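We're numbering straight along the sequence, starting at 1. This structure is a prediction, so every number in the text was calculated from the model and none was measured. Atoms within each ligand, like the ligands themselves, are counted from 1 in listed order. Note that these values count all heavy atoms, side chains included, but never hydrogens, waters or copies made by symmetry.
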Amino acid sequence: MGESGKLNASRSGNAKRDIRVVVIGAGMAGILSGVKLLEAGIKNFTIYEKASKVGGTWRENTYPGLNCDVPAHSYTYSFEPYPEWSQFLACGAEIREYFEFVAKKYRVDEMIRFNEELVHCEYKDGRWNLEMKSGLRDQADIVIAATGVLHHPSYPAIKGIDSFRGTHFHSARWDHSVPLDGKRIGIIGNGSTGVQIVSALAGRAGKLHHFQRTPQWIFPVENSVFSEEQKAAFRSDPELLHRMQNEENYLANVERFTNAVTDTNSPEMLAIQAIVEKNLEDSVADPVLREKLRPTYRAACKRLIYSPDYYKAIQHPRSELVTERIECVEPEGVRTADGKLRELDVLVLATGFKADQFMRPAKVIGRDGVSLNDVWAQRPVAYLAVTIPQFPNFYMLNGPSGPVGNFSLIDIAEHQWNYVSQLIELVRGGECAEVEVKQEAMAAYEKLRVETAKKTVFASGCKSWYLDANGVPNTWPWSQKRFYEAMQAPKLKDFVLRA
Ligand code: NA7
């Protein structure tokens with residue numbers, strides 16, 4: 001270990017090898033990888049991006065009302081605080097602009113090959129062989145999968161959906177050519193997405209029907225606007241801007257939140273429960289509607305929804321909360337199990353994402369021909385969420401079992417980069433050619449993780465995208481502090497280093 005607690009990679013102090021790195025994806029984590037590679041003096045790398053722009057999920061999602069529920073100043077790279085945020089919780093377009101700005105400023109944009117989608121990635125003779133949909137091929141010593149979590153839309157299997165005569169689309173594929181004002185709009189789903197869309201369209205729609213399968217707890221939040229004076233102060237005072245990154249004591253809040261979800265009877269958890277219950281009581285006047293909106297599971301079991309205005313939006317005179325089960329979609333609209341038809345012009349599927357795909361459907365083949373699909377047949381796994389046995393020199397940012405919750409994934413990816421970069425440096429420094437995590441380290445981590453995950457609030461009796469196919473949360477089940485500690489330096493006893 002070095003003085004900083006990091007691995008001391010190049011024991012010999014020799015010149016570093018010119019390694020080739022490939023990064024998959026130019027979203028938040030791909031841009032981060034680019035900045036950090038350049039900072040480390042690694043110039044021999046390419047970021048392959050399937051679309052024509054950077055931004056990942058913030059490029060794909062453009063729905064009305066799109067907002068990040070993490071305070072804007074805390075949803076930034078630690079090395080690039082941003083004085084321009086217009087409000088406490090930034091909207092999607094602003095976040096997209098931020099990522100475009102960072103990619104340009106750090107000249108990461110020059111390292112990106114756009115419109116190149118990875119289809120095959122195979123480890124042969126000590127190198128990763130990659131192939132894009134276009135037929136383009138590349139080779140790399142190291143692969144970083146920065147492919148995101150929520151980018152494969154999940155379409156509901158509702159009978160008759162293709163017979164609908166109006167327009168329907170998934171929330172992540174918003175069709176901006178479709179008029180909304182005065183229209184009859186149906187929204188299926190009440191995760192963060194559905195709730196934000198309803199809040200944005202209530203009052204604009206002629207009639208808005210929100211189809212709710214399961215109620216959600218709503219955490220109240222205010223979204224104040226930053227004045228021009230405030231933004232000028234952020235621009236001229238770097239210390240103030242830096243303090244804003246830890247706005248409202250953000251990191252302490254994250255620690256409290258992770259303590260709450262991992263200790264379901266903690267005072268922190270009970271406090272969250274009390275806040276959401278009070279929010280429901282105080283905000284919804286009609287007792288019948290209030291009961292329809294009241295979940296029967298615990299707060300934060302599903303990802304907590306932060307909203308300043310959903311309850312107001314659903315009580316708008318032209319809004320309706322529909323809790324009857326959807327029977328089918330017909331050419332005119334949605335029919336519920338009670339036989340009632342809601343005629344619609346537009347139907348929005350805010351039905352979430354397939355969160356277990358990661359870099360798939362790309363075929364990833366590790367050492368000795370092992371396929372990632374086979375390794376992940378039961379559920380996606382990764383040692384400390386970053387690497388997998390039999391996939392040497394292959395790392396993931398925001399991979400399976402990483403921390404998820406109501407906090408910034410940028411912060412998570414930065415800590416993961418700190419860990420991964422030390423393993424990359426072993427190869428670059430000539431310590432070895434290949435770094436691979438041991439099967440027994442993976443198994444021990446996963447066993448303890450699953451045991452602990454079953455005790456978190458995520459497993460306390462609800463369905464959510466946090467759960468794997470067996471109903472076990474595929475998340476980091478410990479505190480944030482423990483995650484930061486784990487990401488400080490790899491334990492080399494858990495790895496095989498091959499020449
Ligand atoms: P989520 O949180 O996965 O929500 C999906 C919603 O869609 C949820 O309310 C589901 O109801 C509903 N859903 C899914 N399929 C159906 C069918 N067949 N019928 C009715 N309702 C259905 O996705 P979001 O896009 O809102 O948010 C994802 C994350 O993005 C969010 O957590 C933030 O991190 C950002 P259910 O609750 O399963 O009954």
Side-chain angles (χ1 to χ4, degrees), residues 27-28 56-70 75 89-92 95 148-161 168-174 186-200 209-219 221 257 261 292-307 310 314 321-329 334-337 342 347-357 398 402-410 412 458 461-468 471 473-475:
M28 170 275 283
T57 196
W58 299 107
R59 179 200 62 235
E60 286 181 2
N61 285 281
T62 59
Y63 61 78
L66 171 63
N67 251 287
C68 183
D69 59 12
V70 176
Y75 194 74
L89 302 172
C91 69
I95 298 173
V149 191
L150 302 171
H151 66 130
H152 298 292
S154 173
Y155 289 89
I158 298 175
K159 206 166 55 180
I161 211 157
H168 73 281
F169 44 77
H170 189 274
S171 53
R173 300 283 181 271
W174 198 273
I187 294 141
I188 301 180
N190 61 336
S192 302
T193 304
V195 161
Q196 290 186 349
I197 294 170
V198 167
S199 303
H209 307 275
H210 193 196
F211 296 92
Q212 167 192 288
R213 189 165 65 179
T214 317
Q216 289 269 15
W217 288 114
I218 310 271
F219 199 93
V221 60
F257 181 81
V261 298
K292 285 184 176 180
L293 288 165
R294 188 189 302 277
T296 51
Y297 57 85
R298 301 185 62 172
C301 183
K302 283 171 181 278
R303 189 177 196 277
L304 251 191
I305 297 192
Y306 283 66
S307 174
Y310 174 72
I314 201 64
L321 180 75
V322 183
T323 54
E324 279 293 331
R325 188 176 56 78
I326 296 173
E327 179 66 37
C328 62
V329 178
V334 172
R335 192 175 294 278
T336 41
R342 267 94 181 169
L347 177 60
V348 178
L349 309 174
T351 44
F353 300 86
K354 295 182 208 150
D356 61 352
Q357 294 302 295
N398 290 311
V404 289
N406 294 81
F407 44 75
S408 164
L409 284 188
I410 305 183
I412 302 303
F458 305 139
C462 69
K463 283 194 184 143
S464 78
W465 63 267
Y466 293 167
L467 305 183
D468 68 21
N474 199 352
T475 59

Identity and distance of the protein heavy atom lying nearest [atom]:
| atom | value |
| --- | --- |
| atom 23 (O) of ligand 1 | Gly352 CA, 3.2 Å |
| atom 9 (O) of ligand 1 | Asn190 OD1, 2.7 Å |
| atom 12 (C) of ligand 1 | Gly189 CA, 3.7 Å |
| atom 37 (O) of ligand 1 | Lys302 NZ, 2.5 Å |
| atom 34 (O) of ligand 1 | Arg303 NE, 3.1 Å |
| atom 26 (O) of ligand 1 | Thr193 N, 3.0 Å |
| atom 18 (N) of ligand 1 | Pro156 CB, 3.3 Å |

Sub-4.0 Å heavy-atom contact, Gln216 with ligand 1: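 No, Gln216 has no heavy atom closer than 4.0 Å to ligand 1.
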Proximity flag Ile326 to ligand 1, non-hydrogen atoms under 4.0 Å: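 Outside the 4.0 Å threshold, so no.
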Shortest non-hydrogen contact from Ile305 toward Val195: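 Shortest heavy-atom separation between Ile305 and Val195 comes out as CG2-CG1, 3.8 Å.
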Polar contact flag for Arg213 and ligand 1 (N/O pairs, less than 3.5 Å):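 Among all N and O atoms of Arg213, at least one is under 3.5 Å from an N or O of ligand 1.
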From [atom], work out which of [options] has a heavy atom at the shortest distance.
| atom | options | value |
| --- | --- | --- |
| atom 28 (C) of ligand 1 | Tyr155, Phe211, Trp465 | Trp465 |
| atom 4 (O) of ligand 1 | Gly191, Ser464, Cys462 | Gly191 |
| atom 21 (N) of ligand 1 | Ile188, Leu150, Val195, Ile187 | Ile188 |
| atom 6 (C) of ligand 1 | Ala350, Gly194, Cys68 | Ala350 |

Between the side chain of [X] and the main-chain N/O of [Y], is any donor-acceptor distance below 3.5 Å?
| X | Y | result |
| --- | --- | --- |
| Lys302 | Lys463 | yes |
| Asn190 | Thr214 | yes |
| Asp69 | Tyr306 | no |
| His151 | Lys354 | no |
| Gln196 | Asn67 | yes |

Asn61 side, atom CG; His170 side, atom NE2 - distance, nearest 0.5 Å: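 It is 8.5 Å, given to the nearest 0.5 Å.
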Parallel, tilted or perpendicular: ring planes of Trp58 versus Tyr75, cut at 30 and 60 degrees: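 The arrangement is perpendicular - the two ring planes meet at more than 60°.
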Plane angle bin for Phe458 and Tyr466 - parallel if under 30°, tilted between 30 and 60°, otherwise perpendicular: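 Geometry flag for Phe458 against Tyr466: perpendicular rings.
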Cystine candidate Cys301-Cys462, SG separation under 2.5 Å: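 A disulfide, yes.
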Ligand 1-proximal atoms of Gln212, by part, heavy-atom distance under 4.0 Å: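 It is neither; nothing of Gln212 touches ligand 1.
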Residue Thr214 vicinity, atoms of ligand 1 by number, heavy atom under 4.0 Å: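 Close to Thr214: 36 (P), 37 (O), 39 (O).
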